[in-house]
Amino acid sequence: MTEQGLTIGDMLKMMRDPLGAPFFPPALQALLVATWVLHIFFVTLALGASLFSIYAFWQQRDERARQLGRLSARLTPNALGLGIVTGIAPLLFVQTIYDPLWYTANALTGFWSVSFIFVVMGGYSLAYFFYLKGSQDRRLLFTAVISFVLLFFAGWIMHVLHGVSIRPEGWMTWYMPDGVIDTRGVTFHAYNIPRLLFLLPLQAGLSLAVVLQFSAWYLRRRGDEPAFLDWVAELGRRLGVIVSPLYALAGLGWALTEGPEFGVTLVALPLVALGAGLSGYFLWLKGKQHGPQAVLIWLAGLLVVAIVREVIRVASLARFGYSVANYPYTIDWGSVIVFAVTTVVGLAIITYLALVIYQAYATREGHISPRVERLGKVAVGMLGAWFGFFLLVGLYTLIVLN
Amino acid sequence: MYPFWEGVLIHSTLYVAITSAFHVLVSHLTVAAAWFNLYIERRAVMENREELYQYLKRSALGLLVFAYVFGALAGVGIWQTTTAANPRGISTLIHNFVFFWGAEWYMFLIDVIGIIAYYYTFGRVSKQTHLRLAWILALGSTGTLSIIVGILSFKLTPGLWLQTGNSLNGFFNPTFWPQIGLRFFFMFVITAAWALFVAAGLPKGFFERAKIIRYGAGIGILGLIGGVLTWLLIYQPALPQHAWAILPSRAIPQPTFPIIYFGLIATAAGLLFAFLAPDRQRRVFALGAMVVMYGAIFGAERTREVLRKPDVIAGYISSNQLVFNDLPARNVSSEEQRLNETGMLGSLPFVPAASQIAVNPRMTFGSSDPEVAVGRVIAIQQCGSCHSISPQTELSVAGVALDLRSQAKLLQMRNLSTVDEIDAYLGGIQGFPYMHPFVGTLEERRALAKYLAEFTQLSAPQTAAQAGK
Ligand code: HEM
């Protein structure tokens, strides 16, 4: 494009949607980073649980492992379901402030971007199938294996989409190799293996590790067999002890490859510190039970990772003068208010649902406390009232904004 | 403006169609089943009927595995496919409605966490609590539906948004209320079909089997009457002039209307039969009714999407991904005007200048004329989103051609084969209500004509050979 004086920077600016963003772009960026933490937690948990259930059903000796394998076979599709819905939020925000990147990456990788959904559907269906029909004697174990492969492949597609999106310098050559446009979108144009190792298999191990810790803590309170639970907690801890140093190593590899590429080698510090910190934490955990704490620490760790990803993207785009901070915007109060109100209602209902699931299994027979019941009453009332609110906004638009 | 993804084997738009067919099926089922289950569970609680919980539990597992997660995934699938097929169209929607979609996201979360809670707490929480979960599912799924209608209807009738640029005007647009009404009534029909299907599977003489069937069918019939009346009296009058020009045109593929009418009539007949003879109801009948009903729904949804052609957002952005009108309220000005003067080539990201375009005879039907290579770029940018513009998207399975309005075939149909003939024809394509005028310079149009002439010639002998078989 340089021939016409259209630099990559010009191109990126021109490609931003002329409508601009409907709110302060940095706020949308914060939402992107924050919601991605939930997404990556659940999808890596699904991958970790899937891999563990395969191992547990494969080995024939350890009865405890098998018992845990059944639980993780059940966890896989549910964690994945949550991973999918929590993925939708970052999907919304990334398009709003990084539209030139996201759309280009999807078009250049069109075939895989479109296949992605069928890959995830296949992985999900097989995970459920295995949970419902798989059994002790390795029967149907291959369905779990295919499921894992498909889910991993889905993560690979995500990774490539992101890799393409942060490398605008490659776009024209990928789209028009030797001056001839390629409209098939079948090539994986950009990836970074250390980053992929860091984000997928290693984080899958860590997500599983903390959830094992958490489960042991949770089930112990309702009086499940303590010996089994001690074993589960220790298994989680050991997994953490083994994976964390590798995590630090992969983080270093990621920082030493993408770092120089985009001029942010300093991200090595937080990544290595995170891996080292987690190693220390899992060592310290020996003989202790800290279910909720382990999960919270891990979520904080994932937030660090999410920020590092964002720093890399920002650094890459800064090379071309693109910055979220200068993304044009006009505050669109109507939709902001609808979102804010729905956030309040949504969080109330989700909190209630989470507490119901939590309490239903926290005791042997399942008991929901009166306080949670009261919250439920209020939350459902709010959800009903939401429809009234929605109608009122509609009438307001119809009558006042006319 | 963006790289163009043409599709592989079939056209990118057909990927959208396949995914949305699936999504329509699953998502409607979710809402319908949520309300039906709520009805059943209320009766189970009030009349203390343990046996109904068996049905509920079975149905919940099916919904959890199939409807909710697949519904969400297929929704994301529509996203991915439309993004790959027409990024700037989806971009316009997201930059208007990201917060409405954000609100809808909470409803998805409620649905997915809700169904997990619902399924895994049978027998572990009190009946009242469980009933509350049923309410949450019914309300949550209805919330999703209400929000998406605003975004869907916006594309056809942006209404005052074209002047004010205010997302509320775009959301609550002229066909929003009619469409909400229409969907509200048809929801009863779908719920009825689902209820018949479920109830018909129960053994004869099971708790009020006949009564549920009759009750469901009755509600379905009322919904159908309400829906048809809403269509005739409220929705149709709200349609813009342009839609009336598209309805009878060739943009709507052939058997669409017969499928819709047949679906409506067959559904009505099925419901009436169930109402009059509930004891004779069988699972296959209910399944048959669902199949024809979905045929009709899918036909209607596709038609609704085509009515706005050639625009993605009527009156604002067209299928070639160019903004063609000013929107002063949001500081947007038409892009087409400028491009008619400067030409397309080299004026937009990912539309290279002629000097950058190389010849590869494999992509230009053996021709090594640089002008044909240039024509290919123009075809990609201007025509590719609605037409198969190369053999890359002209898969044919068992003799059935799956191309999307292949330009080669259309030109053959009109017996246009020379560059001059085609070039002249291109000057008038805006005469069809479903196409925009060519954007760009006359030289660019001529290059396009050259490319199309090669394409038509390449396909001609094949078609002749097929006809000879
Ligand atoms: C098996 C399923 C999935 C896996 C394993 C997976 C994994 C990943 C990974 C590893 C990344 C980070 C990529 C990188 O930084 O290199 C990512 C990012 C992302 N994923 Fe997923 N994902 C899955 C499903 C989904 C689904 C269904 C959606 C959409 C609803 C989604 C939306 C996103 C988004 C929006 C991002 C952020 C992209 C960006 O920041 O540019 N993911 N995912």
Side-chain angles (χ1 to χ4, degrees), chain A residues 3-4 11 14-15 17-19 22 78 81 84-85 88-89 92 95-96 99 103-104 106-108 110-111 113-114 116-117 120-121 124 128 175-176 178-181 183-186 332 334-336 338-339 342 346 349-350 353 356-357 360 366 368 373 376 380 383-384 390 394 397-398 401, chain B residues 1-6 8 15 65 69-70 72-73 76-77 80-81 83-84 87 91 94-96 98-103 105-106 108-110 112-114 116-117 121 124-125 129 132 135-136 139 146 166-169 172 323 330 332 346 349-350 352-353 355-358 360 363 377 380:
Chain A
E3 264 173 59
Q4 299 84 49
M11 206 165 132
M14 220 168 146
M15 288 163 75
D17 197 287
L19 292 174
N78 287 318
I84 291 163
V85 272
I88 296 174
L92 295 177
Q95 292 176 60
T96 314
D99 40 341
Y103 293 135
T104 305
N106 273 274
L108 286 175
F111 181 73
S113 161
V114 162
F116 170 73
I117 227 64
V120 180
M121 271 188 194
Y124 176 81
Y128 234 113
Y175 186 47
M176 260 182 67
D178 303 321
V180 179
I181 291 182
T183 58
R184 289 170 303 165
V186 292
D332 182 62
S335 66
V336 170
V338 169
F339 180 70
T342 315
I349 294 274
I350 291 164
L353 291 173
V356 167
I357 298 177
I368 308 297
E373 295 286 18
V380 173
L383 186 56
F390 185 70
T397 308
L398 209 62
L401 294 183
Chain B
M1 190 65 101
Y2 281 106
F4 185 69
W5 184 61
E6 208 178 323
V8 176
Y15 287 87
V65 177
V69 177
F70 270 35
L73 261 177
V76 178
Q80 296 295 105
T81 48
T83 296
S91 175
I94 198 92
H95 286 89
N96 258 312
V98 61
F99 284 124
F100 282 98
W101 258 313
W105 176 67
Y106 284 114
F108 287 149
L109 266 179
I110 291 174
V112 172
I113 302 179
I116 292 176
T121 58
R124 295 200 71 92
V125 299
T129 305
R132 186 175 295 132
W135 268 108
I136 290 177
L139 291 174
S146 323
N166 184 337
S167 78
L168 283 180
N169 286 127
F172 296 103
V323 174
R330 301 282 290 266
V332 180
F350 298 104
S355 60
Q356 293 171 303
I357 301 170
N360 177 348
M363 307 310 288
V377 175
I380 287 171

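Order of the sequence lines fixes the chain letters, A, B, ..., with proteins taken first and strands second; residue numbering starts at 1 for each chain.
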Trainee: How many angstroms lie between OG1 in B/Thr81 and CZ in A/Phe116, if you round to the nearest 0.5 Å?
Mentor: 12.5 Å
Trainee: What are the two closest heavy atoms between B/Phe350 and A/Met15, and how far apart are they?
Mentor: CE1-CE, 3.6 Å
Trainee: Using non-hydrogen atoms only, which part of A/Met176 is less than 4.5 Å away from chain B: side chain, backbone, both, or neither?
Mentor: side chain
Trainee: Measuring from atom CD1 of A/Ile88 to atom CG of B/Leu109, what distance do you get when rounded to the nearest 0.5 angstrom?
Mentor: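 The CD1 atom of A/Ile88 sits 8.0 Å away from the CG atom of B/Leu109.
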Trainee: Under a 4.5 Å cutoff for heavy-atom pairs, which residue among A/Ser335, A/Gly366, A/Gly346, A/Gly334 has the most contacts with chain B?
Mentor: A/Ser335
Trainee: Below 4.5 Å from any heavy atom of chain A, which atoms of B/Val8 appear? Answer side chain, backbone, both or neither.
Mentor: side chain
Trainee: Does A/Tyr175 have its ring centroid less than 6.0 Å away from the ring centroid of B/Phe4?
Mentor: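 Not close enough - the centres of the two rings lie 6.0 Å or further apart.
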Trainee: Is any side-chain heavy atom of A/Ile357 closer than 4.5 Å to one of B/Ile113?
Mentor: yes
Trainee: Check whether any side-chain heavy atom of B/Val69 sits under 4.5 Å from a side-chain heavy atom of A/Tyr128, and report yes or no.
Mentor: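 Side chain of B/Val69 against side chain of A/Tyr128, heavy atoms only: no contact under 4.5 Å found.
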Trainee: Which region of A/Asp178, side chain (C-beta onward) or backbone (N, CA, C, O), has a non-hydrogen atom less than 4.5 Å from a non-hydrogen atom of chain B, or is it both or neither?
Mentor: backbone
Trainee: Side chain, backbone, both or neither: which part of A/Ile349 has a non-hydrogen atom closer than 4.5 Å to chain B?
Mentor: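 When you check distances to chain B, only side chain atoms of A/Ile349 fall under 4.5 Å.
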Trainee: Do B/Ile94 and A/Tyr103 make a side-chain contact, defined as non-hydrogen atoms from C-beta onward lying under 4.5 Å apart?
Mentor: yes
Trainee: In Å, rounded to the nearest 0.5 Å, how long is the span from CD1 of A/Ile181 to CD1 of B/Ile380?
Mentor: 4.5 Å
Trainee: Is B/Met1 close to chain A through its backbone or its side chain, or both, or neither, when contacts mean heavy atoms under 4.5 Å?
Mentor: both
Trainee: Could you tell me the separation between the CG atom of A/Asn106 and the OH atom of B/Tyr2, rounded to the nearest 0.5 Å?
Mentor: 10.5 Å
Trainee: As an exercise: rank B/Asn96, B/Ile110, B/Val377 by heavy-atom pairs under 4.5 Å with chain A and give me the winner.
Mentor: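 So the answer, after comparing B/Asn96, B/Ile110, B/Val377, is B/Ile110.
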Trainee: Under 4.5 Å heavy-atom distance to chain B, tell me which part of A/Leu19 shows up: side chain, backbone, both or neither.
Mentor: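 Answer is both: backbone and side chain atoms of A/Leu19 are under 4.5 Å from chain B.
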Trainee: Let me see the working for B/Trp5 and A/Val114 under side chain to side chain contact (heavy atoms under 4.5 Å, CB included), right down to the final yes or no.
Mentor: CA-CA 10 Å; B/Trp5 184 61; A/Val114 162; 3.6 Å; yes
Trainee: Any idea which of A/Asp17, A/Ile117, A/Val356, A/Leu353 has the most non-hydrogen atom pairs under 4.5 angstrom with chain B?
Mentor: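 Option with the greatest count: A/Asp17.
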Trainee: Among B/Leu139, B/Thr83, B/Thr121, which has the most heavy-atom pairs under 4.5 Å with chain A?
Mentor: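 Heavy-atom pair counts peak at B/Leu139.
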Trainee: With side chains defined as the heavy atoms from C-beta onward, is the minimum distance between B/His95 and A/Asp99 less than 4.5 Å?
Mentor: yes
Trainee: Using heavy-atom distances under 4.5 Å, tell me whether B/Trp105 contacts chain A through its side chain, its backbone, both, or neither.
Mentor: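 Only the side chain of B/Trp105 comes within 4.5 Å of chain A.
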Trainee: Select, from B/Val323, B/Thr129, B/Asn360, the one with the greatest count of heavy-atom pairs under 4.5 Å involving chain A.
Mentor: B/Thr129
Trainee: If you compare all heavy atoms of B/Ile136 against all heavy atoms of A/Leu383, which two are closest, and at what distance to 0.1 Å?
Mentor: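 Nearest pair, atom of B/Ile136 first, then A/Leu383: O-CD2, 4.1 Å.
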Trainee: If you look at every heavy atom in A/Val338 and B/Ala103, which pair is closest and at what distance?
Mentor: CG1-CB, 4.3 Å
Trainee: What I'd like to find out is whether the side chain of B/Phe99 reaches to under 4.5 Å of the side chain of A/Asp332, using heavy atoms alone.
Mentor: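 A side-chain contact is absent here, since even the closest heavy-atom pair is not under 4.5 Å.
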Trainee: Is any side-chain heavy atom of B/Pro3 closer than 4.5 Å to a side-chain heavy atom of A/Thr104?
Mentor: yes
Trainee: Contact between B/Glu6 and A/Arg184 at the side-chain level, heavy atoms closer than 4.5 Å - yes or no?
Mentor: no
Trainee: Which pair of non-hydrogen atoms, one from A/Ala360 and one from B/Val125, has the smallest distance, and what is that distance?
Mentor: CB-CG1, 3.9 Å
Trainee: Select one option (side chain, backbone, both, neither) describing which atoms of A/Ile84 are under 4.5 Å from chain B's heavy atoms.
Mentor: side chain
Trainee: Heavy-atom distance under 4.5 Å to chain B: side chain of A/Ile368, backbone, both or neither?
Mentor: side chain
Trainee: Are the aromatic rings of B/Phe100 and A/Phe390 close, with centres under 6.0 Å apart?
Mentor: no
Trainee: Do the side chain of B/Tyr106 and the main chain of A/Phe339 share a donor and acceptor less than 3.5 angstrom apart?
Mentor: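 Judged by distance alone, no pair lies under 3.5 Å.
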